[in-house]
Amino acid sequence: MTATPSTRPSHFIHEIIDEDLRTNRNGAGTQVATRFPPEPNGYLHIGHAKSICLNFGTARKYNGRCHLRMDDTNPTKEEQEYIDSIKQDVRWLGFDWGAHEYHASDYFEQLYQWALLFIKAGKAYVCDLTPEEVSKSRGSLTSPGKESPFRGRSVAENLDLFERMHKGEFPDGSHTLRAKIDMAHPNLNLRDPVMYRILHADHPRTGGKWCIYPMYDYAHGQSDWLEGITHSICTLEFEDHKPLYDWYIDQIASFGAAPPGIAYRPRQYEFARLNVTHMMMSKRKLLQLVQDKAVRGWDDPRMPTIAGIRRRGFTPESLRDFADRIGVAKRENTIEIELLEHCLREDLNKRAPRAMAVLRPLKVVIENYPQGQIEELDAVNNPEDPSAGTRKVPFGREIYIEQEDFAQVPPPKYFRLSPGKEVRLRWGYLITCTGVTKDPATGAIQELRCTYDPATRGGNAPDGRKVKATIHWVAAAQAVDAQVRLYDHLFTKDDPNDVPEGADWRSNINPKSLEVLTGCKVEPSLAAPTHANSASSRWTDGIARYQFERQGYFCVDAESTSDRLVFNRTVTLRDTWAKLAAKSD
RNA sequence: UGGCCCGUAGUUCAACUGGUAGAACGCCUGACUCUGGAUCAGGAGGUUCCAGGUUCGAGCCCUGGCGGGCCAGCCA
């Protein structure tokens with residue numbers, strides 16, 4: 001192989017590759033080749049992102065290549081919609097398979113020809129057992145299976161039957177082609193595994209051409225081989241399949257039917273899949289959430305799907321960073337969601353322009369501010385990035401502040417606004433609360449009366465007096481209405497599957513995972529797509545992201561329009577006050 | 001009474017292949033601050049699953065236990 005590792009291996013798979021390179025295991029000059037092989041039966045989730053980063057990242061590191069291969073051997077579950085979403089998601093993550101887009105279905109003819117060789121070599125037979133009978137005769141974990149009564153059929157009979165399966169003469173489930181291995185093998189995968197089953201179903205790519213389809217085990221290794229994959233990286237549950245993966249390849253080699261031009265064979269390595277606290281990683285259960293309408297779709301921002309995470313506002317950069325940090329190993333693991341959020345905040349903090357948005361507005365009238373006067377105040381777009389520049393924000397006599405930034409009776413250590421107290425308006429003036437207007441009927445606070453100190457424009461008092469709190473605000477006259485969607489974990493428990501005996505996993509769904517806020521007041525720059533803040537070139541996917549000061553990171557939702565702004569809260573800011581407040585409860 | 005894989009801080013990974021355990025996240029203190037953000041400084045936290053063995057020396061090697069995961073689809 002050509003490339004040499006530039007850094008020390010970061011995990012056992014790279015150690016293996018380094019060793020392979022050192023020993024020229026696959027022949028000098030052979031390029032490292034990996035593949036990402038999703039089955040298009042659902043949307044990709046963050047667990048797949050780990051695999052994508054591993055496979056494409058490995059190819060990148062070793063100056064090799066990574067193929068995108070749809071593992072489309074079961075037309076009853078696979079759909080074009082999923083194929084399209086998978087490609088979009090991989091690209092969004094920042095990876096490029098170039099011309100190397102393949103499908104297991106590309107190899108159906110070759111696989112079929114090889115199957116004939118297995119039959120001719122007496123290594124495969126057509127079995128007429130029903131699925132129930134096969135299951136029964138397979139034996140158990142601790143006892144051997146029984147041989148199929150059809151195991152002894154002649155080559156000629158097998159050839160004839162398989163050909164008739166191929167031609168569509170038999171109904172689904174009536175026959176299978178099975179490998180003849182060992183019904184007493186301690187590894188159940190080797191007890192005469194099914195190679196082909198009959199499925200009269202249209203395939204997204206091959207249409208009605210086939211009615212027999214290869215099983216995963218019979219297709220995967222050979223697909224790797226045909227593509228010249230050197231390192232076939234998969235998850236732990238396939239460990240038991242490796243002997244079969246190797247067996248098929250070894251047999252074909254012994255038939256003298258190896259793919260032409262490939263002097264080496266692929267090898268499978270397994271790593272532990274990703275789990276994240278509060279996240280459901282079962283594709284089947286995610287499908288159920290979508291079908292049950294427990295979420296709005298595969299791209300619901302609460303979903304752990306890449307589409308959902310993207311819509312939520314996560315950046316591909318932060319996901320790649322996350323993938324780097326969690327490592328690759330063979331032990332079962334569950335990553336705390338806090339690490340993911342840390343990676344996200346670290347990226348967003350550096351890149352997201354700041355803006356002011358009041359989520360739960362409380363009107364403030366500044367009594368000594370001239371009626372009708374409007375000022376344009378200078379606001380820094382990103383204190384972490386001087387190159388982001390500044391913008392003007394309008395200020396007037398009436399503004400909105402956050403309801404929770406005022407307390408009639410301040411709790412201990414509360415240093416925001418309360419009667420008689422002074423706070424700083426971000427980029428604006430110091431104001432002091434002089435009165436509260438309440439609804440005479442309910443006693444609810446309606447608005448605040450305040451005075452401002454004209455000498456504190458920009459936020460500094462000439463007399464040097466200290467003001468502990470700075471709060472965000474939006475001028476009432478120029479405020480733009482927006483809808484803001486707040487998200488929380490979709491599952492209340494760390495482990496969504498952790499339910500009492502007999503209970504359903506759905507009982508762990510967080511009933512408060514979505515809160516929709518309407519009538520939010522945001523600064524006018526957020527409505528102007530040309531404003532420096534929305535500089536979409538800042539983001540590789542063109543999704544505008546902001547930090548709403550003191551609250552968190554938000555992005556413009558896909559449903560947002562110029563006259564109906566919608567924002568998603570991607571993640572909150574770290575909030576030590578909230579933590580303190582929660583503790584004192 | 002099966003086969004395969006895995007056991008190192010709360011979590012996820014390291015430990016230059018046998019030389020006396022370290023990082024990140026999380027947690028706790030403090031400093032600073034026009035975001036109760038960010039940043040900075042410090043701290044707590046380990047019987048390396050257990051027991052034997054080999055060795056001058058074991059997280060690493062050997063043996064035996066214990067614990068966990070996966071496997072009995074014509075799913076992948």
Side-chain angles (χ1 to χ4, degrees), chain A residues 8 10-11 15 37-39 41 71-74 76-78 104 127 129-131 134-145 172-178 185-191 193-199 212-213 215-217 219-220 234-243 270 272 274 277 283-284 325-343 345-346 349-350 354 356 380 383-384 413-416 424-428 430 458-460 467-472 494 547-552 572-581:
Chain A
R8 270 188 61 203
S10 43
H11 49 74
E15 271 178 26
E39 183 192 11
N41 67 343
D71 219 338
D72 55 354
T73 57
N74 185 353
T76 66
K77 292 188 176 170
E78 296 148 10
C127 180
L129 256 25
T130 65
V134 170
S135 174
K136 219 177 288 173
S137 64
R138 189 164 2 247
S140 76
L141 296 177
T142 52
S143 60
D172 289 4
S174 59
H175 302 266
T176 55
L177 182 70
R178 291 227 259 164
H185 199 103
N187 181 339
L188 306 234
N189 291 127
L190 268 45
R191 318 243 262 227
V194 172
M195 295 165 68
Y196 273 92
R197 76 291 214 185
I198 300 171
L199 251 26
I212 55 171
Y213 291 92
M215 296 289 289
Y216 164 85
D217 287 303
H220 201 91
C234 63
T235 43
L236 254 27
E237 67 269 27
F238 292 100
E239 235 158 1
D240 287 344
H241 294 247
K242 182 153 53 183
E270 311 85 14
L274 170 68
T277 55
K283 246 176 159 181
R284 202 195 93 239
R325 296 201 202 204
I326 58 180
V328 177
K330 297 195 74 160
R331 83 176 85 151
E332 296 285 337
N333 64 83
T334 303
I335 308 292
E336 293 169 329
I337 199 167
E338 287 79 6
L339 177 60
L340 213 210
E341 294 177 343
H342 168 81
C343 296
R345 291 190 183 108
E346 195 170 72
N349 177 47
K350 274 181 271 182
R354 317 281 118 131
M356 293 198 285
V380 172
E384 303 287 323
K413 287 191 179 169
Y414 182 91
F415 41 81
R416 285 167 273 173
R424 175 185 298 107
L425 295 177
R426 179 74 153 158
W427 313 122
L430 303 188
N460 292 307
V467 181
K468 189 124 188 181
T470 300
I471 65 174
H472 60 275
D494 279 9
Q547 182 196 102
F548 287 174
E549 298 226 24
R550 303 204 307 130
Q551 307 193 90
T572 62
L573 254 25
R574 280 185 67 226
D575 188 347
T576 51
W577 167 257
K579 198 181 284 180
L580 267 178

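Remember, predicted model here, so these are calculated numbers, not experimental data. Just so it is clear: chains get the letters A, B, ... in the order the sequence lines come, proteins before strands, and each one is counted from 1.
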Determine the interatomic distance between C1' on B/U35 and the same-named atom on B/U20; round to the nearest Å. 47 Å
When you compare B/G19 with B/A72, how far apart are their C1' atoms, in angstrom units rounded to a whole number? 48 Å
Spacing of A/Tyr216 atom OH relative to B/C74 atom C1', expressed in whole Å: 17 Å
Contact check, side chains of A/His241 and A/His220, non-hydrogen atoms, under 4.5 Å: no
With sugar-phosphate meaning primed atoms plus P, OP1 and OP2, does A/Phe415 contact a base, only sugar-phosphate, or nothing at under 4.0 Å between heavy atoms? base
Nearest-nucleotide pick for A/Thr176, side chain only, options being B/C74, B/C5, B/G36: B/C74
Starting at atom CG of A/Asn333, determine the distance to atom C1' of B/A24, rounded to an integer number of angstrom. 15 Å
For B/G64 versus B/A76, give the span between their C1' atoms, rounded off to a whole number of Å. 38 Å
Could you work out the separation of B/C4 and B/U63 based on their P atoms and round it to a whole Å? 13 Å
Do A/Arg426 and A/Arg550 have side-chain heavy atoms sitting under 4.5 Å apart? no
Tell me what A/Asn460 touches on the nucleic acid: a base, only sugar-phosphate, or nothing, going by heavy atoms under 4.0 Å. base
Provide the distance between the two C1' atoms, one in B/A58 and one in B/U47, to the nearest whole Å. 15 Å
Taking atom C1' in both B/C50 and B/G59, what distance in whole Å separates the two? 14 Å
Residues that A/Arg138 engages under salt bridge (charged side-chain N to carboxylate O under 4.0 Å, His left out), provided they are two or more places apart: none
With a cut-off of less than 4.0 Å, is there a side-chain N or O of A/Asn41 near OP1 or OP2 of B/A76? no
Would you say A/Thr73 reaches B/A76's phosphate, i.e. side-chain N/O to OP1/OP2 under 4.0 Å? yes
When all nucleic acid strands are considered with a 4.0 Å heavy-atom cut-off, which category describes A/Glu39: base, sugar-phosphate, or nothing? sugar-phosphate
Given the C1' atoms of B/G43 and B/C56, what is the spacing between them in whole Å? 37 Å
What is the nucleic acid contact for A/Pro144, judged by heavy atoms within less than 4.0 Å: base, sugar-phosphate only, or nothing? nothing
How close do A/Gly459 and A/Leu430 get, counting heavy atoms only, and between which atoms? O-CD2, 4.0 Å
Within the sub-3.5 Å range, which N or O atoms of nucleotides 25-29 of chain B have a protein N or O partner, and how far apart are they?
residue: B/C27; atom: OP1; partner: A/Lys579; partner atom: NZ; Å: 2.4
residue: B/C28; atom: OP1; partner: A/Lys583; partner atom: NZ; Å: 2.6

For nucleotides 17-19 of chain B, print each protein N/O atom paired with a nucleotide N/O atom at under 3.5 Å, atom names and distance only.
residue: B/U17; atom: O4; partner: A/Glu15; partner atom: OE1; Å: 3.4

For A/Glu549 and A/Trp427, which heavy atoms make the closest approach, and how far apart are they? OE2-NE1, 3.6 Å
Does OP1 or OP2 of B/G36 have a side-chain N or O of A/Arg550 closer than 4.0 Å? yes
Applying salt bridge (charged side-chain N to carboxylate O under 4.0 Å, His left out), name anything that partners A/Glu332, two or more places apart in sequence or on another chain. none
Under 4.0 Å, heavy atoms only, any strand: does A/Leu430 hit a base, just the sugar-phosphate, or nothing? nothing
To the nearest 0.5 Å, atom CZ of A/Arg325 lies from atom CG of A/Leu340 at 11.0 Å
Secondary structure of RNA chain B in dot-bracket form (Watson-Crick or G-U wobble, distances below 3.5 Å, | marking inter-strand pairs): .((((((..((((.....[..)))).(((((.......))))).....(((((..]....))))))))))).....
What nucleic acid atoms does A/Glu270 come within less than 4.0 Å of, heavy atoms only: base, sugar-phosphate, or nothing? nothing
Identify whether the glycosidic angle of B/U54 places it syn (within 90° of 0) or anti. anti
Base, sugar-phosphate, or nothing: which does A/Tyr414 touch, judged by heavy atoms less than 4.0 Å apart? base
With sugar-phosphate meaning primed atoms plus P, OP1 and OP2, does A/Glu384 contact a base, only sugar-phosphate, or nothing at under 4.0 Å between heavy atoms? base
Does the pair A/Lys283/A/Glu39 count as a salt bridge with the N-to-O cut at 4.0 Å? no
Might you list the N or O atoms of the protein lying below 3.5 Å from N or O atoms in nucleotides 70-73 of chain B, with each pair's distance?
residue: B/C70; atom: O2; partner: A/Asp240; partner atom: OD2; Å: 3.4
residue: B/A72; atom: O2'; partner: A/Arg138; partner atom: NE; Å: 3.4
residue: B/G73; atom: OP2; partner: A/Ser135; partner atom: OG; Å: 3.4

For B/G69 and B/A31, measure between their C1' atoms and round to the nearest Å. 46 Å
Considering only heavy atoms from C-beta outward, does the side chain of A/Arg354 approach that of A/Val380 to under 4.5 Å? no
What's the separation between atom OH in A/Tyr213 and atom CD in A/Glu78, rounded to the nearest 0.5 Å? 9.5 Å
Would you tell me if any nitrogen or oxygen in the side chain of A/Arg197 comes within less than 4.0 Å of OP1 or OP2 on B/A76? yes
At 4.0 Å (heavy atoms only), tell me whether A/Arg178 reaches a base, stays on the sugar-phosphate, or touches nothing. nothing
Rounded to whole Å, please give me the gap between CH2 in A/Trp427 and C1' in B/G37. 12 Å
Judged by whether its glycosidic angle lies within 90° of 0, B/G37 is anti
Mind checking A/Thr334 for me? I need base, sugar-phosphate or nothing, with any heavy atom below 4.0 Å counting as a touch. sugar-phosphate
